[in-house]
There are 2 protein chains.
Amino acid sequence: MAEQAEVLRRTPLNRGRILHAAVALADEAGIESLSMRNLAQELGVVPMALYKHVANKDELLDGMIDVVVSEIDPLVPHADWKHMVRERILSARQVLRRHPWAPLAIESRNMATPAVLAYLDSMVGTLRAGGFSADLAHHVMHAMGSRILGFSQELFDDSRRAGRSGTTAPEPPSEGLPPAAAARFPHLAEIATAALHDDASVVGQGCDDQFEFEFALDLLLDGIERLQQQGWTSRRPR
Amino acid sequence: MAEQAEVLRRTPLNRGRILHAAVALADEAGIESLSMRNLAQELGVVPMALYKHVANKDELLDGMIDVVVSEIDPLVPHADWKHMVRERILSARQVLRRHPWAPLAIESRNMATPAVLAYLDSMVGTLRAGGFSADLAHHVMHAMGSRILGFSQELFDDSRRAGRSGTTAPEPPSEGLPPAAAARFPHLAEIATAALHDDASVVGQGCDDQFEFEFALDLLLDGIERLQQQGWTSRRPR
DNA sequence: ACCTGAACACCGTTCAAGT
DNA sequence: ACCTGAACACCGTTCAAGT
């Protein structure tokens, strides 16, 4: 432990080491405990040393996002655009599941970082090669929104509860709403329990994140496919 | 100015006044300048006085979200669920455009606040009344994600650039990418300009947020309608 | 009993003093 | 020229001392 820190202190600091240490820290302790001071300590370095390699904390966050996006698998060629896009997005999703802090970080930044742009560019390339007009491709990218990067904006998101602090009890996976709320919001109570009793194959889980993500993704992809086959244009009379 | 502050100081503090002042401050100065200390000063009050009415800053944010959600128009009855849902979501969108900080605030909170729950509950109610199974309604709510509250998670979002600080130049509405980036990301450059030259009726704007939002919303609603008419169930073989 | 100033434990970042 | 400790201008929140 102290030995490790000693070894690290010997290795000269560079941007890459800082970014990877920051990602690891955010993964383990939660994004809220990622401070310049904490990060420096983790690296066995005085806080000011970081500023030689990153301009400020915002630039650090941009760099962390680029690290994460770089982990997404490269495109695997397929006959049709739909499978290519679908596979890549699901790969992005796997990556983001390893970095629960990333969605919020991505959303809070303005994010014209190189790795993200490269990722988006290749996605558009796939659509264009699949016969999409630039016009339709544009709107499709907007419609997919953050789902392109593997996450959808959920209204209730357990996953970003915090870091892996073991202090709170494990908490059974949300069996519907608490009784008081269920009475006031009957429709929510109903659909909460609907998902529970729904399918025996989905055990306990309450609500299968992966299923919900793919449901929405396929809903969009199917709709998009239909538009593309119809030769949709935004000039079409509305 | 000093007079106004004087008048405010006389009016006794209460939760409502605090929340509305906080919303106004975030609207005008940006969420990043909403601190307990700033807010107290705005109200002509010592910082500690706030803690009599809100437990802490997180609870303040929850309250602010509730204020915003309460501004969404009530449901207007319609023959079909699709119009009801569509209208209400577009109303939510108008509200959120007045409070550019709200999307990020909503995402960063865990957000089981009363007003939000009531809003979601009535939305589910509309679907159920429209003939949706509890099962399908559940997945639909997930698929819509944050769009239900009137915003979609855009990857590039100018709107949350900051408060209305007039210091920076107005900046022409993004005419595609800067030349250097355009060379490295040709497909992005193409779809950026595609939207520009696309339709003479959309002047200058570059990219019409409202259009993109409705495009995605209708894509989802149409797909959802199709599933509902087919009697879709999650038990169906995949 | 209520209110509030000072204090605590943090931030990100600047800057001048040390080597 | 480089590095870094101390300092600055902030946070949210606690707490004890004042009324």
Side-chain angles (χ1 to χ4, degrees), chain A residues 5-6 8-15 17-19 21-23 25-26 28-65 101 104-105 108-111 113 160-163 165 167, chain B residues 5-6 8-15 17-19 21-23 25-26 28-65 101 104-105 108-111 113 160-163 165 167:
Chain A
E6 192 47 44
L8 289 178
R9 195 170 308 128
R10 270 182 243 280
T11 330
L13 211 54
N14 61 45
R15 197 157 198 279
R17 263 191 67 213
I18 292 177
L19 295 183
V23 167
L25 183 57
E28 284 156 31
I31 191 77
E32 75 283 352
S33 48
L34 176 81
S35 69
M36 299 301 272
R37 287 161 136 106
N38 266 343
L39 178 57
Q41 194 183 324
E42 202 80 6
L43 286 160
V45 138
V46 83
M48 291 312 102
L50 301 176
Y51 286 83
K52 196 115 296 171
H53 301 94
V54 290
N56 49 41
K57 194 177 181 183
D58 281 351
E59 214 217 56
L60 174 75
L61 284 168
D62 282 341
M64 291 169 67
I65 290 169
W101 50 270
L104 199 60
S108 60
R109 307 266 52 235
N110 267 13
M111 230 214 27
T113 74
R160 60 161 135 266
R161 270 288 167 77
S165 69
T167 59
Chain B
E6 192 47 44
L8 290 178
R9 194 168 309 130
R10 269 182 243 280
T11 331
L13 211 54
N14 61 45
R15 196 156 199 279
R17 263 191 68 214
I18 291 177
L19 295 182
V23 168
L25 182 57
E28 284 155 30
I31 191 76
E32 74 284 352
S33 46
L34 176 81
S35 67
M36 299 300 272
R37 287 161 135 106
N38 266 343
L39 178 57
Q41 193 182 326
E42 202 80 5
L43 286 160
V45 136
V46 83
M48 291 313 101
L50 301 177
Y51 286 84
K52 196 116 295 172
H53 301 94
V54 289
N56 49 41
K57 195 178 180 182
D58 281 351
E59 214 217 56
L60 175 74
L61 283 169
D62 281 342
M64 291 169 67
I65 290 170
W101 50 271
L104 200 58
S108 60
R109 307 265 53 236
N110 266 14
M111 232 216 21
T113 73
R160 57 162 136 268
R161 269 288 167 77
S165 69
T167 59

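Residue numbering restarts at 1 for every chain, and letters A, B, ... go by the order of the sequence lines. In this text the structure is predicted, and so the values were computed from the model without any measurement. Below, all heavy atoms of this structure are taken into account, side chains as well, without hydrogens, waters or symmetry copies.
The distance from atom NZ of B:K57 to atom C1' of D:dC11 is 8 Å, rounded to the nearest whole Å. Note: NE2 (A:H53) to P (D:dC2) measures 12 Å, nearest angstrom. Spacing between atom CG of A:L34 and atom P of C:dC11 amounts to 10 Å, rounded to whole angstrom units. At whole-Å resolution of the value, CG in A:D58 and P in C:dT13 are 7 Å apart. Rounded to an integer number of Å, the gap from CD of A:E59 to C1' of C:dG12 is 15 Å. Protein atom CE of B:M36 is 15 Å distant from nucleotide atom P of C:dT4, rounded to whole Å. Across the protein-nucleic acid pair, A:L43 atom CG and D:dT4 atom P stand 14 Å apart, rounded to whole Å. One can place CZ of A:R37 at 15 Å from P of D:dC11, the figure rounded to the nearest angstrom.
When each of C:dG5, D:dT13, C:dG12 is scored by its nearest atom to the side-chain atoms of B:Y51, the top-ranked nucleotide is D:dT13.
Checking each of B:I18, B:V54, B:L34 against B:M64 for a side chain to side chain contact (heavy atoms under 4.5 Å, CB included) leaves exactly one that passes, namely B:L34.
Contact annotation: A:N38 side-chain N/O to C:dC11 OP1/OP2 distance is under 4.0 Å. Taking 4.0 angstrom as the limit, A:K52 places none of its side-chain polar atoms (N or O) nearer than this to OP1 or OP2 of D:dC2.
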Take A:L60 and A:L39 through the test side-chain contact (heavy atoms from CB on, under 4.5 Å) and record every step on the way to the result. CA-CA 11 Å; A:L60 174 75; A:L39 178 57; 3.9 Å; yes

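Heavy atoms of A:M48 sit under 4.0 angstrom from at least one base atom.
Electrostatic pairing of A:E59 and A:R109 does not count as a salt bridge here, judged by no charged N lying under 4.0 Å from a carboxylate O.
Side chain of B:N38 to main chain of B:S33: a donor-acceptor pair is present (N/O by atom type, distance under 3.5 Å, no hydrogens or angles).
Under the Watson-Crick or G-U wobble criterion, with both distances below 3.5 Å, C:dC15 is paired with D:dG5. Of the nucleotides present, none pairs with D:dC10 by Watson-Crick or G-U wobble criteria with both distances under 3.5 Å.
Counting heavy atoms from C-beta on, the side chains of A:I31 and A:L25 never come closer than 4.5 Å.
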